[in-house]
Protein chains: 2
Amino acid sequence: MTEISNAEFEVLEALWQNHPASANDIITKLNENTNATGIESQDKQWHDKTVKTLLNRLVKKQAISFEKQQRHYLYSPLLEREAYTLKESKSLVARMFSGKLAPLVAGFAKQNELNKDDISALKSLISDWEKNND
Amino acid sequence: MTEISNAEFEVLEALWQNHPASANDIITKLNENTNATGIESQDKQWHDKTVKTLLNRLVKKQAISFEKQQRHYLYSPLLEREAYTLKESKSLVARMFSGKLAPLVAGFAKQNELNKDDISALKSLISDWEKNND
DNA sequence: GAGTTAAGATTACATTTGTAATCTTAACTG
DNA sequence: CAGTTAAGATTACAAATGTAATCTTAACTC
């Protein structure tokens with residue numbers, strides 16, 4: 001499958017969060033620009049035409065499908081989010097860290113990008129792994 | 001700083017591995033296409049002109065510098081590898097996992113992408129972290 | 001010193017990407 | 001049913017990217 005660009009990914013993300021969805025649903029979701037505090041955030045505004053172009057490209061790339069619904073289409077992801085994020089993660093780890101995950105984690109640790117919760121989550125993942133690989 | 005493209009990254013990688021280096025040094029390194037078994041691998045061949053274009057672009061992007069040495073240049077990285085890989089890692093984790101590292105690791109675990117060594121390395125990182133954050 | 005060459009500089013060109021505007025036409029409306 | 005409209009289809013266009021070829025000229029060679 002062809003690569004998905006950054007802008008395409010954002011559209012796909014909106015679709016993963018809520019599908020099937022019409023183009024307008026997706027545009028609306030992308031433009032929901034109030035943050036957690038309810039304050040208008042200065043996030044980029046997505047233009048109607050832009051999003052539709054990206055939807056078209058995603059269809060061509062077979063990342064999403066659509067079915068006709070009266071006058072408009074309802075789109076759905078074909079690509080699973082988890083599969084996609086894993087593929088991208090593996091690709092980055094392969095390119096930057098010779099395929100090893102630890103150096104990536106080490107980078108985060110070194111720059112104080114980890115907090116107690118992150119560490120707990122990692123410990124829990126490790127203990128699960130050990131349960132399944134004794 | 002502007003983004004570094006994939007092809008540019010590969011050139012930069014060669015430079016990180018050995019610098020300062022002339023364009024020819026870099027081209028040679030990129031084309032070292034024998035793998036660990038000594039068998040000729042079918043890796044892509046980098047064309048002289050292509051690499052030089054990429055070096056130029058990296059200079060424009062201020063990712064590398066050069067100094068004149070007789071007839072040719074000696075290039076050196078300006079960008080630190082560790083800083084760059086951390087930035088890219090954080091960017092991916094932000095985009096795909098809401099900034100949380102654990103889900104990325106979980107993806108690897110789920111797909112059996114982790115072995116005993118990886119787990120040991122992670123445990124060691126965690127214990128270091130805990131030593132510094134009690 | 002004149003000629004040759006090889007490095008880097010400049011130019012090229014197709015594809016992809018971001019970002020839309022315009023075109024067509026099926027579907028709604030009165 | 002005719003007119004209007006809004007969805008999607010098609011076209012547009014600049015910047016970035018991958019991949020080189022051609023141009024210039026300083027540096028080597030005889």
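Reminder, nothing fancy here: chain letters follow the sequence lines and each chain counts from 1. Quantities reported herein were computed from a predicted structural model and do not represent experimental measurements.
- Note on B/Leu55 and B/Leu74: separate hydrophobic clusters, where clusters join Ile, Leu, Val, Met, Phe, Trp and Tyr whose side-chain heavy atoms are under 4.5 Å apart, directly or indirectly.
- When heavy atoms are screened at a 4.0 angstrom cut-off, A/Asn24 is found touching the sugar-phosphate backbone but no base atom.
- Relative orientation of the A/Trp16 and A/Tyr84 rings is tilted, given thresholds of 30° and 60° on the angle between their planes.
- Both A/Gln70 and A/Arg57 sit near DNA chain C, but only A/Arg57 has its closest nucleotide nearer the 5' end.
- In this entry C/dC23 has D/dG8 as its Watson-Crick or G-U wobble partner, both defining distances falling under 3.5 Å.
- Using a 4.5 Å heavy-atom threshold, the side chains of B/Lys116 and A/Asn133 count as separate.
- Going from atom CG of B/Asn56 over to atom P of D/dT19 covers 17 Å, rounded to whole Å.
- The distance between atom NE2 of B/His47 and atom C1' of D/dG18, rounded to the nearest whole Å, is 13 Å.
- Scanning residues 5-13 of chain A for heavy-atom distances under 4.0 Å to DNA chain D yields an empty list.
- Look at CG on B/Asp48: it is 18 Å from P on D/dG18, rounded to the nearest Å.
- Between A/Asp25 and A/Ser22, the side chains place a donor N or O and an acceptor N or O closer than 3.5 Å (distance only, hydrogens not considered).
- Note that NZ of B/Lys52 is 15.5 Å distant from CZ of B/Arg57, once rounded to the nearest 0.5 Å.
- The residue among A/Lys68 and B/Thr53 whose nearest nucleotide of DNA chain C lies closer to the 5′ end is B/Thr53.
- With a heavy-atom cut-off of 4.0 Å to chain A, the contacted part of DNA chain C has its first and last nucleotide at C/dT17 to C/dC28.
- Residue B/Glu80 places its CD atom among 12 or fewer non-hydrogen atoms of other residues, nucleotides or ligands, all under 6.0 Å distant.
- Both B/Leu54 and A/Phe66 lie near DNA chain D, and the one whose nearest nucleotide falls closer to the 5' end is A/Phe66.
- Taking the centre and axis of the six-membered ring of B/Trp46, the NZ or CZ atom of B/Lys44 falls inside the cone set by 45° and 6.0 Å.
- Atom-to-atom, NZ of A/Lys52 to C1' of D/dA12 comes out at 18 Å; the value is rounded to the nearest Å.
- With a 4.5 Å cut-off on side-chain heavy atoms, A/His19 and A/Ile64 do not count as touching.
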**Request:** Walk me through it: do A/Glu82 and B/Lys110 pass the test salt bridge (Lys or Arg N to Asp or Glu O under 4.0 Å)?
**Result:** CA-CA 10 Å; A/Glu82 207 178 322; B/Lys110 189 166 174 188; 2.9 Å; yes

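- Proximity note for B/Arg71 (side chain, C-beta onward) versus D/dA27, D/dA12, D/dT19: the nearest is D/dA27.
- Residue A/Ser22 is out of contact with every strand shown, counting any heavy-atom pair closer than 4.0 Å.
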